[in-house]
*Asks:* 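Quick one: structure below, then a few questions.
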Amino acid sequence: MTSPSEVPSEVGDYLTPSELPKPKLKRTSTGFTPNQILTYEAAIPESARNIWTKYSQLSLTDHQRSQPTKEHEVLTTKQGFEKAFVSHTELTLARNMYNCDELAAYMAAATTIRDGLVLDWGNTQQKQTIHDGKRVYYLSLEFLMGRAMDNALINLKCRDNTQESLAELGFSLEDILNQEPDAALGNGGLGRLAACYVDSLSSKNYSGWGYGLNYQYGIFQQKIIDGYQVEFPDYWLRYSTPWEVDRKEIQIPVDFNGYVYEDVDPNTGKSHKVWSGGERVLAVAADYPIPGYNTQNTNNLRLWNAKPTNEFDFSKFNAGDYQQSVGSQQKAEAITAVLYPNDNFEQGKLLRLTQQYFWVAASLHDIVRRFKKMHKDNYAIFPDKVAIQLNDTHPTLAIVELQRILVDLEGLEWNTAWDIVTRVFAYTNHTVMAEALEKWPVDIIGKLLPRHLEIIYDINYYFLQDVQKKFPEDRDLLASVSVIEEGQRKQVRMAYLAIIGSHKVNGVAELHSELIKTTIFKDFVKVFGPDKFTNVTNGITPRRWLRQANPELAELISDLLNDPNYEYLTNLGQLKNIERYADNDKVLQRWNQIKFDNKQKLAQLAKDLTGVEINPKYLFDVQVKRIHEYKRQQMNIFSVIYRYIKIKELLSQGKSLAEVAKTFIPKVSIFGGKAAPGYYMAKTVIHLINKVGDVINNDKEIGDLLRVVFIPDYNVSKAEIICPGSDISNHISTAGTEASGTSNMKFALNGGIIIGTVDGANVEITREIGEENIFLFGHLSEEVDDLRHNNNYKGVQVPKSLQQVFDLIYSGKFGNVDEFRPLIESIAQHGDYYLVSNDFDMYLEAQQKLEKVYGTRRWTQMSVVSVANMGFFSSDRCVDEYAENIWNIEPLSQ
C-alpha cells in the first residue's frame with residue numbers, strides 16, 4: 001500500500017488532511033477538528049448559516065440536545081412516524097398506498113427509524129472528535145449483527161409508538177420485522193460476541209468503532225437436502241439494506257504481491273525499504289450506525305467492500321474478450337464475497353489471507369489518517385489516542401501493517417515504532433486447542449505480502465534475541481516461542497505474533513484464561529511474566545437477548561423490579577432482586593405461561609422450516625451452535641438413539657406408551673448449526689441427526705414420545721426464538737476445549753436450564769446460579785490428557801450403552817453405514833480425542849436427573865433463580881473491564 005501522500009488524487013482526497021480555507025470555505029466529508037470548527041463556522045456566509053439553521057435537524061454546534069429535534073419527533077410521535085413513513089414510501093421507494101407491500105413497508109419503516117438514528121450518529125462522531133480522547137477500534141472478521149430494526153426500536157425506546165403507527169397504516173410490526181434478512185456478516189459465537197460488544201460500547205458511552213468486511217453473501221445459506229447440508233449463496237443484500245450508509249468517497253488503495261527494494265533518501269542519506277505492489281484493489285467503506293440504549297451515543301461499524309481500480313477493460317471488450325473485460329472487477333469483489341472461503345485447497349488459503357490483509361490494511365490506514373488529521377506526525381501520543389483490540393488471530397497482520405506504516409512510510413526508527421505498536425494492540429484468544437491456532441505458510445505470505453514477511457522475520461529475530469538474553473541456557477525455549485514454525489513447509493504462527501505484538505492477552509472465561517497460561521502459551525508466560533495475560537469473561541447484551549428476544553419475560557421482570565423504563569437493561573445486576581419471587585406462586589405461574597408461549601413460537605418455527613410437528617407441552621431439549629466435534633453434537637444424537645433403543649425395548653415387552661412415558665418422558669431434541677463446507681466429520685454429524693430424525697419421527701409405534709428436529713440455516717433471528725423456547729440447553733464440549741461459550745448465557749438469561757460439562761463459562765455460570773440449578777457431568781479438564789493417553793495406548797473402552805448405539809447404526813437403520821463409519825471409528829478405533837466414550841454414561845445419568853425434576857415447581861424455581869443471577873454476564877460488564885484493564889479509556893459524559 002502506498003502512503004497517503006502518494007495516493008492518486010482520484011482516490012486519495014479523503015486521505016489527505018484538508019487545509020483551512022483561506023479565504024473561501026470548501027466543506028469536506030471528513031468532519032472537523034476542535035481547532036477548525038469555529039473557523040469553519042465563521043467562514044460560512046451568514047445567509048447560508050441562517051438557511052441551514054432554519055431547516056436542519058441539528059445545528060453545527062448543538063452537541064447537547066436538550067429538546068427533541070423535528071427529526072426525532074419521527075420516533076416520539078405517531079404523527080411524525082406516519083408522515084415520514086408515507087414520505088419514504090412515495091419519494092424514496094416511488095410507491096404509493098396501493099402497492100406498498102410488506103417488503104416496501106419494511107423499507108419505509110426502517111428508513112424512517114434510520115433517520116432518527118443518523119442525527120445522534122453524526123453528533124456522536126463530531127462530539128468524539130472534539131473531545132479528542134482515546135478511541136477503541138474493535139477488529140473482528142465477523143460481526144453477527146442479526147436484524148437491525150427491532151434492535152434500533154428497543155435502543156431508541158420507540159417500539160410501542162412504531163407498532164401503533166404501523167397498525168394504523170394497516171401493517172403488523174411483527175410481519176414487518178420478519179421482512180428483514182439477517183445481516184450475513186458472521187457465523188458463530190466470535191461474531192455474535194463482537195456484535196454484543198459494539199452494542200455495549202455505545203450503550204456505555206465509550207468512543208469505539210468496529211472494523212470488519214462487508215460480505216456480500218455471508219458464509220452460506222444452509223439447506224438440508226436428503227439429510228445432507230448443502231450450501232447456497234446467502235443473498236442477504238438482494239434488496240439492499242437501509243441500515244448501510246455507503247461512503248464511496250472513502251477509498252483506500254490496498255496492494256498485493258510485487259517486490260521489495262531498498263531506497264536511499266537523497267536529503268538524509270538514510271536507506272529505507274520500499275514495497276512496490278503488483279496488484280491494487282480499493283477498499284470502499286460502508287458504515288452502519290450502532291445505537292446505544294438510553295443514550296444518544298451512537299458509534300460506527302465500518303465495513304469494507306473490495307472494488308477494482310479499473311472495473312472495465314474497454315480494449316478487451318472491443319477485442320471480443322467479454323469475460324476478461326470485467327475480470328479485474330470479479331477478482332477484486334471476490335475478496336469480500338464470502339466469509340471463510342474453503343481453505344482445503346491452496347487458492348482458498350490464498351483468498352483467506354488476502355481477505356485478512358485487505359481488511360486490516362484498510363482499517364489501519366483509516367485509523368492513522370484520522371490520527372494524523374488531528375495530531376499530524378506526533379506519534380508519541382498515538383497509544384494515548386488509539387487502542388486496537390484483535391478479536392482472535394484473524395486481524396494479526398494489523399500488527400505487521402502498523403509497524404510497516406510507522407517505519408517505511410512515516411520514517412520512525414524500528415524500536416520507537418515497535419514500542420508504539422505493542423502499546424496499541426491487545427489480543428483476545430478464543431481457543432485452548434493448539435491445532436485450532438491459525439498458521440499461514442511462509443511461502444504464501446512471501447508471495448502475497450513480501451514486505452510483511454520481512455517484517456515478521458525481523459520481529460521474530462529481535463524477540464528471540466531478547467529471549468536468548470533472558471534465558472541463555474534454554475535453547476529449546478527459542479524454538480517453542482518462535483513465530484516461525486520450522487518443518488517441511490515453514491509456517492507463521494499467528495497467535496504467537498499476536499502475543500508478541502500486544503501489551504495484553506486475554507482469555508474469555510476464567511478456566512480458559514488459566515488453561516492458556518498453563519498449556520498452549522505457558523512458554524510466553526515464562527518470557528513475559530503472568531501480568532501480560534488476563535481474563536475477561538464473555539457476556540451478551542440484554543437488550544437483544546432479553547428485551548428483544550423475550551419481551552414477555554422482560555416485561556415481567558420490569559414489573560417485578562418496579563422499573564417501567566427498563567433501566568435494568570443497562571444495570572443487569574438488578575436481576576438479583578427478582579430472586580425473592582422464586583417462592584411466589586403467582587409469579588411462578590406467570591413464568592410458566594411465558595415459557596409455554598415461547599415454546600409455541602418455537603414449535604411453529606420448527607413446523608414452518610421442517611414440517612415436523614412438536615408438542616410444546618413436552619420437554620424441549622436444545623443444542624444449537626456451530627457444528628464441531630469438540631462441541632459433541634455427535635454425543636447428543638447418540639444419546640437420542642440410545643433413548644430410542646430403550647423406548648423400543650419397553651414397547652417390545654408389551655408396555656403401553658403411557659407406561660413407557662413414566663420412564664422416558666415425552667421429549668423433543670432440537671439441533672441447529674452450520675458445519676464448515678470443508679469439514680467432513682461435522683457434515684456427517686448433521687447427516688446423522690437428520691437421518692435419525694427421519695426414522696424416529698416416522699415411527700408410529702413410539703407415538704410422539706420422541707421427536708428430533710434439525711433447524712436449518714441457524715442464525716441470530718432464529719436464536720431469538722429458540723433461546724426463549726428451550727427447557728434444557730446442551731453445552732457439552734469436552735472439558736478444556738470450549739473457551740467460553742455465549743449461547744449458554746443466552747439460554748440461561750431466558751430461563752432455560754443448562755446441562756453441561758465443567759468447561760468454559762459453564763464454570764462461572766455455576767458459581768453465579770449455584771450447582772443445584774445446573775446439571776453438570778463429565779470428566780474435568782485436568783483429567784483429559786490422561787484419558788486421551790489411555791485411549792490411545794490402552795484402547796478405547798466403549799461402554800455397553802454406546803456400543804448399542806453403534807450397533808444400531810451399523811445395522812443400516814439410519815441409512816448407508818459407510819457414510820457414518822468414519823464418525824464411529826474416530827471414537828471406537830482412533831483414540832476418541834473428544835472423549836465421547838468416556839463421558840457418555842455420565843451424560844445419560846445427567847439427563848435422567850433433570851427429567852425427574854422437569855415439570856415440577858422446583859424446575860420453575862430453578863429457572864427463576866438462574867435468570868436472577870445472570871447479571872454478571874452482561875456485555876456491558878465486559879466492555880467496562882476491557883476499558884479499565886486493557887484499553888485505558890473512559891466513557892464520555894452525555
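Each residue takes its place number in the sequence, starting with 1.
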*Asks:* Going through the checks in order, is the side chain to side chain donor-acceptor pair (under 3.5 Å) test met by Glu738 and His731?
*Replies:* CA-CA 9 Å; Glu738 183 74 82; His731 309 279; over 6 Å; no

*Asks:* Are any of the side-chain heavy atoms of Ile219 and Glu231 separated by less than 4.5 Å?
*Replies:* no

*Asks:* Determine whether Gln389 and Leu139 make a side-chain contact, defined as any pair of heavy atoms from C-beta on separated by less than 4.5 Å.
*Replies:*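 They are not in side-chain contact.
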
*Asks:* Does CG in Asp226 sit with more than 12 non-hydrogen atoms of other residues, nucleotides or ligands closer than 6.0 Å?
*Replies:* no

*Asks:* Would you kindly say whether Asn460 and Tyr496 are connected by a side-chain donor-acceptor distance under 3.5 Å?
*Replies:* no

*Asks:* If we ignore angles and hydrogens, is there a donor and acceptor under 3.5 Å between the side chains of Trp304 and Thr336?
*Replies:* no

*Asks:* Do the side-chain N and O atoms of Asn257 and Glu279 include a donor-acceptor pair separated by under 3.5 angstrom?
*Replies:* yes

*Asks:* May I ask you to check whether Tyr138 and Tyr211 place their ring centers less than 6.0 Å from one another?
*Replies:*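 Judged by ring-centre distance (under 6.0 Å), Tyr138 and Tyr211 do not meet the cut-off.
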
*Asks:* Using 4.0 Å as the upper bound for N to carboxylate O, is an ion pair formed by Lys490 and Glu485?
*Replies:*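 Salt bridge flag = no for Lys490 with Glu485.
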
*Asks:* Should the ring pair Tyr834 and Tyr630 be called parallel, tilted or perpendicular, given that the plane angle runs from 0 to 90° and is split at 30 and 60?
*Replies:*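 It falls in the tilted class, 30° to 60°.
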
*Asks:* Exactly one of Lys447, Arg489, Arg352 should register a salt bridge (Lys or Arg N to Asp or Glu O under 4.0 Å) with Glu346. Which one does?
*Replies:*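 Going through the options one by one, the only one that passes is Arg489.
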
*Asks:* Is NZ or CZ of Lys674 both nearer than 6.0 Å to the six-membered ring centre of Phe220 and within 45° of the ring axis?
*Replies:* yes

*Asks:* Can you say whether the rings of Tyr259 and Tyr261 are parallel (under 30°), tilted (30 to 60°) or perpendicular (over 60°)?
*Replies:*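 Judged by the thresholds at 30° and 60°, the geometry between Tyr259 and Tyr261 is tilted.
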
*Asks:* Write down the atom of Asn214, the atom of Gln216, and the distance for their closest heavy-atom approach.
*Replies:* O-NE2, 2.7 Å

*Asks:* Charged N to carboxylate O below 4.0 Å: is that the case for Glu410 and Arg404?
*Replies:* no

*Asks:* Do His512 and Asn429 have side-chain N/O donor and acceptor atoms under 3.5 Å apart?
*Replies:*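 Yes, Asn429 and His512 have a side-chain donor paired with an acceptor closer than 3.5 Å.
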
*Asks:* Would you sort out whether Thr734 and Arg788 count as a side chain to side chain contact (heavy atoms under 4.5 Å, CB included), showing the intermediate values?
*Replies:* CA-CA 11 Å; Thr734 309; Arg788 285 175 175 160; 4.2 Å; yes

*Asks:* Quick one: which of Trp440, Tyr427, Tyr340, Tyr357 gives a ring-ring contact (aromatic ring centres under 6.0 Å, His included) with His394?
*Replies:*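 Of all the options given, the one that passes is Tyr340.
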
*Asks:* With no hydrogens and no angle check, do the side chains of Thr684 and Tyr679 hold a donor and an acceptor under 3.5 Å apart?
*Replies:*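 Side-chain D/A pair, Thr684 to Tyr679: absent.
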
*Asks:* What residue among Leu213, Leu193, Leu301, Ile290 forms side-chain contact (heavy atoms from CB on, under 4.5 Å) with Phe143?
*Replies:* Leu301

*Asks:* With heavy-atom distances below 4.5 Å as the criterion, would you say the side chains of Val407 and Ile455 are in contact?
*Replies:* no

*Asks:* Please examine the side chains of Asn305 and Ile335, heavy atoms only from C-beta on, and report whether any two atoms are closer than 4.5 Å.
*Replies:* no

*Asks:* Under a 3.5 Å cutoff, is there a donor and acceptor pairing between the side chains of Glu438 and Gln491?
*Replies:*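 The criterion, which ignores hydrogens and geometry beyond distance, is not satisfied for Gln491 and Glu438.
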
*Asks:* Report yes if the side chains of Leu364 and Ile388 come closer than 4.5 Å at any heavy-atom pair, otherwise no.
*Replies:* yes

*Asks:* Tell me whether Lys517 forms a cation-pi arrangement with Phe533, defined as NZ or CZ under 6.0 Å from the six-membered ring centre and within 45 degrees of its axis.
*Replies:* no

*Asks:* Is it the case that more than 12 heavy atoms not belonging to Tyr680 sit under 6.0 Å from its OH atom?
*Replies:* yes

*Asks:* Count the heavy atoms belonging to other residues, nucleotides or ligands that lie under 6.0 Å from OH of Tyr217, then report whether that count exceeds 12.
*Replies:*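 Atom OH in Tyr217 is not packed in, count stays at 12 or less.
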
*Asks:* Side-chain donor-acceptor pair under 3.5 Å between Tyr228 and Asn690, yes or no?
*Replies:* no

*Asks:* Assess the residue pair Phe528 and Phe463 against the criterion (ring-ring contact (aromatic ring centres under 6.0 Å, His included)); give the C-alpha distance rounded to whole Å, side-chain angles, the decisive distance to 0.1 Å, and a yes or no.
*Replies:* CA-CA 11 Å; Phe528 290 110; Phe463 169 65; 5.8 Å; yes

*Asks:* Tell me, do Trp236 and Asp182 make a side-chain contact under 4.5 Å, heavy atoms counted?
*Replies:* no

*Asks:* Less than 4.5 Å apart, any side-chain heavy atom of Leu449 and any of Leu453?
*Replies:* no

*Asks:* Look at Arg280 together with Asp255 and state whether they make a salt bridge at an N to O cut-off of under 4.0 Å.
*Replies:*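 Yes, Arg280 and Asp255 are salt-bridged.
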
*Asks:* Is it true that the side chains of Arg370 and Tyr137 contain a donor and an acceptor less than 3.5 Å apart?
*Replies:*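 Checked: Arg370/Tyr137 side chains pair up, N/O donor to acceptor below 3.5 Å.
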
*Asks:* Going by distance alone, is a donor N or O of one side chain under 3.5 Å from an acceptor N or O of the other, for Gln403 and Asp408?
*Replies:* no

*Asks:* Begin from the C-alpha positions of Asn535 and Asn506 and carry the test side chain to side chain contact (heavy atoms under 4.5 Å, CB included) through to its verdict.
*Replies:* CA-CA 5 Å; Asn535 175 64; Asn506 74 279; over 6 Å; no

*Asks:* Going through the checks in order, is the side chain to side chain contact (heavy atoms under 4.5 Å, CB included) test met by His365 and Ile405?
*Replies:* CA-CA 8 Å; His365 282 261; Ile405 291 171; 3.4 Å; yes

*Asks:* For Lys631 and Arg626, run side chain to side chain contact (heavy atoms under 4.5 Å, CB included): C-alpha distance rounded to whole Å, both residues' side-chain angles, the deciding distance at 0.1 Å, then the answer.
*Replies:* CA-CA 8 Å; Lys631 295 179 184 290; Arg626 181 168 53 93; 3.9 Å; yes

*Asks:* Taking the side chain as C-beta and beyond, is there a heavy-atom pair between Leu185 and Leu339 under 4.5 Å?
*Replies:*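 No, side chains not in contact.
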
*Asks:* Over 60° means perpendicular and under 30° means parallel, so tell me whether Trp414 and Trp418 are parallel, tilted or perpendicular.
*Replies:*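 Ring orientation of Trp414 relative to Trp418: parallel.
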
*Asks:* For Ser733 and Asp759, which I'm curious about, is there any donor-acceptor pair between the side chains at under 3.5 Å?
*Replies:* yes

*Asks:* For Glu819 and His687, which I'm curious about, is there any donor-acceptor pair between the side chains at under 3.5 Å?
*Replies:*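 Yes, side-chain donor-acceptor contact under 3.5 Å.
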
*Asks:* Can a salt bridge be assigned to the pair Asp818 and Arg821 using a cut-off of 4.0 Å between side-chain N and carboxylate O?
*Replies:* yes

